[in-house]
Structure formats: structure tokens, C-alpha cells
*Asks:* 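Handing you this structure, nothing more for now.
Both counts, for ligands and for their atoms, begin at 1 and track the order of listing. Note that the coordinates shown come from a computational prediction; the quantities given were computed from them, not determined experimentally.
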Amino acid sequence: MSEQLSATLPTTTTTTPDFLPLNGTDYVEFYVSNAKQTAYYYQAAFGFEIVAYAGLETGLRDRASYVLQQDKIRFVITSPLTPDSPIADHVRLHGDGVKVLALWVDDVEKAFEATVSRGAKVAQAPTTLTDEYGEVKVASIHTYGETIHTFVERKNYHGAFMPGFVARQSMFPVQSVGLKYIDHCVGNVNLGEMNRWVEFYEKVMGFQLLITFDDKDISTEYTALMSKVVSNGNGYVKFPINEPAQGRKKSQIEEYLDFYRDSGVQHIAVATSNIVHTVTELRRRGVDFLYVPDNYYDDLFERVGVIDEDIEVLKKLNILVDRDEEGYLLQLFTKPVQDRPTVFFEIIERHGARSFGKGNFKALFESIEREQALRGTL
Ligand code: FE2
């Protein structure tokens, strides 16, 4: 992978100007059946604080939304208040899942015009929202499945989140677990659709193909998947896209698609600068992670060489390590965070490495297959 990675990383000498400059991820919005309780889970277990709220008390009749924040990461948790809304439809079909991957821009009109003129399907035309704290401009386009990208321009706003929301705080002392920013968001798409969506990100959004994994990289005795990673110009936004590949049994991607009933967000990778602390805290608070057998650690030093962390501590916490030519990374995956085997989180700490843990794929997929076998879906 090293040659592949260095050969395909975007260079700074590119002559084409970035037609969709992004400052990063603005927020990720989840549609869930019970936002109040989900918001509690992200506060108590993941250390997010409530910063804003919208619902009946703020004049909304069809939804309740809680805005949660930890360092640069912002989640919006929304649930329907009526049976006949698009939010209710989304939850009935997909279960709890990600609806919006919002992108922070300086100019919403330009972002909308640049993408729609290149073929993006409109979800919402540019709209200006105002209140006493200023204005926020938003516009949305469709991506895979029912997922949308919302462009958010907030340079003229100093309120808690955006107009329509009121500032609110957590009702108990929330302890951060040290999560800092969103590293990447992964989509699972239907069989045969990966290249179409990679092309969408390249042509419509100006992203560049960073890495390709095929079924030779990512396969076990039973299952296989294909994956391509696209990144925006400054590298702040990275979207790996997976599709199932032919395997002997049902792949984890097919299991996701069966339960989500469509293409959708598979996992969100959140970065920490102290994964030992973060994972110790998450485990203490009841977050469950994929299990990797002890023998994974037997040849760890031979595979990754010298690292700052104590291998015994990593083994105890089941943290995985991988190295590329630029450095190493530590990572760990939660089990799905709702009853359907769909969305989960990755906790990642990077020490120079810009790759995605290819050396761990086999151990990880075998771990996921053990979970699939328990669910009767392998
Ligand atoms: Fe990941």
C-alpha cells in the first residue's frame, strides 16, 4: 500500500483551483427514534455536551433536535414527533442512522452552484436563517442512499448552533473522553455502485482518489469488500466508500445493507490524542468494542516496530496498531451503537500515518464475522 498511498496523495502543486473549498465537517446529524435518550447516551458514554436544542418549546411541531459537542466534533440528534414526517419515514426504514454529513464552507451559494452545475441533485436550495445572533446560510445536495450533504456558512453567526435552536446545557456534569475531531466518515454502498460514488465525489465535489483497496487487500476466509477513499483538496474531509465483494458467505457490508435497507453511513472515525485514556473511559462507561484475540499482539512489534505505547496496555484495551511509511496509527472499533448491525464508531489516534489501518483489516473482519455468526447473519 505504501507505493499506492504516496502515488495517489494529492499534491500541493496542483494547477486546478479547488472549486469546493471546505473548512471541515460542520456536523453529523443522526435521525433516531428517541433523540432525548440517544443524546443521553452520547453525553454519558461518549462525553459530548449538549450545547443547543430545538423542539416543541422552540416552536417546532414535527421534530426534536439536540446538538452535542466535544472539541471540534458536533453531532445533531433528531427524532420525529409525528408519524407522517420524512424523519419518521427515515427511522422506520433505516432504523437509527446518519442523515446529514454537513460541510463547513465560507460561501454556501458558491458551494451549491459549483456542485449542482456539475450534476449534484438538489435537496435544499440556499436558504438564509437569521436570529438575534446573526445569520447562517445552508444548502443541501444528495449523496448515496438517503444521505445528504448540507453546506453550512456560519461566518456571520455567533449563537450556539444556528437560528431555530436555543442554547442549552447538559443537565449533569459531562466528562469529555478526549475526542477531538472527525477523521473520516465511511459510506457503504450497494453492490456495483462504489465507482459511481467515487466518480460523484471526484467530478461533482472536486475530491481526489486517495487509496484503493480491493478484495485481495480486504478478504478473509468468508467475506470480502472493496473500498476506495476520496479526500477533498486540503485533506480535512475524507470519505472511504465500501461496496460488498463476492465472498463465500455474506459480507459485513451486505449485512449492513440488509438492515439499513439502502446505502448509508457505516462508521464515523473520531480522533483522540490519547487513545489509551479515551478507550479506558469509553469501556468504563459501557461502550462495547470489537474483540481481537490476544494472538494479534504476539507479532505486533515485528509488524509495527517501536511505538510510544506499552503493548501490554494496548492488549488489555484491545487497541490495534498499524504502520505506513509516514508513521503509525492506533485504532479500535465499537460494536454497532443501535440494535440493527449498522452504524458504529472508530476511535483513532494518528502518529504521522495518514492511511486507514490496512494491516488490521484481516483481524478486524474476522472479529466482525464472529459477531455476525452470533447474529445469525454470516
Ligand atoms: Fe475507518
*Asks:* Go through the side-chain N and O atoms of Asn242 and Ser227 and say whether any donor and acceptor fall under 3.5 Å apart.
*Replies:* yes
*Asks:* Test: side chain to side chain donor-acceptor pair (under 3.5 Å). Region: residues 36-47. Which pairs qualify, not counting sequence neighbours?
*Replies:* Gln43-Ser170
*Asks:* Tell me the side chain to side chain donor-acceptor pair (under 3.5 Å) pairs involving residues 100-123, sequence neighbours left out?
*Replies:* Asn23-Asp106
*Asks:* Minimum heavy-atom separation for Ile347 to Phe289, with atom names?
*Replies:* CG1-CE2, 4.0 Å
*Asks:* Taking side chain as C-beta onward, heavy atoms only, is Val105 less than 4.5 Å from Val152?
*Replies:* no
*Asks:* Give every residue pair that meets the side chain to side chain donor-acceptor pair (under 3.5 Å) criterion with at least one member in residues 270-287, sequence neighbours excluded.
*Replies:* Thr272-Thr278, Glu281-Arg284, Glu281-Arg285
*Asks:* How about the Fe ion (ligand 1), which protein N, O or S atoms come within less than 2.8 Å?
*Replies:* His184 NE2, His267 NE2, Glu346 OE1
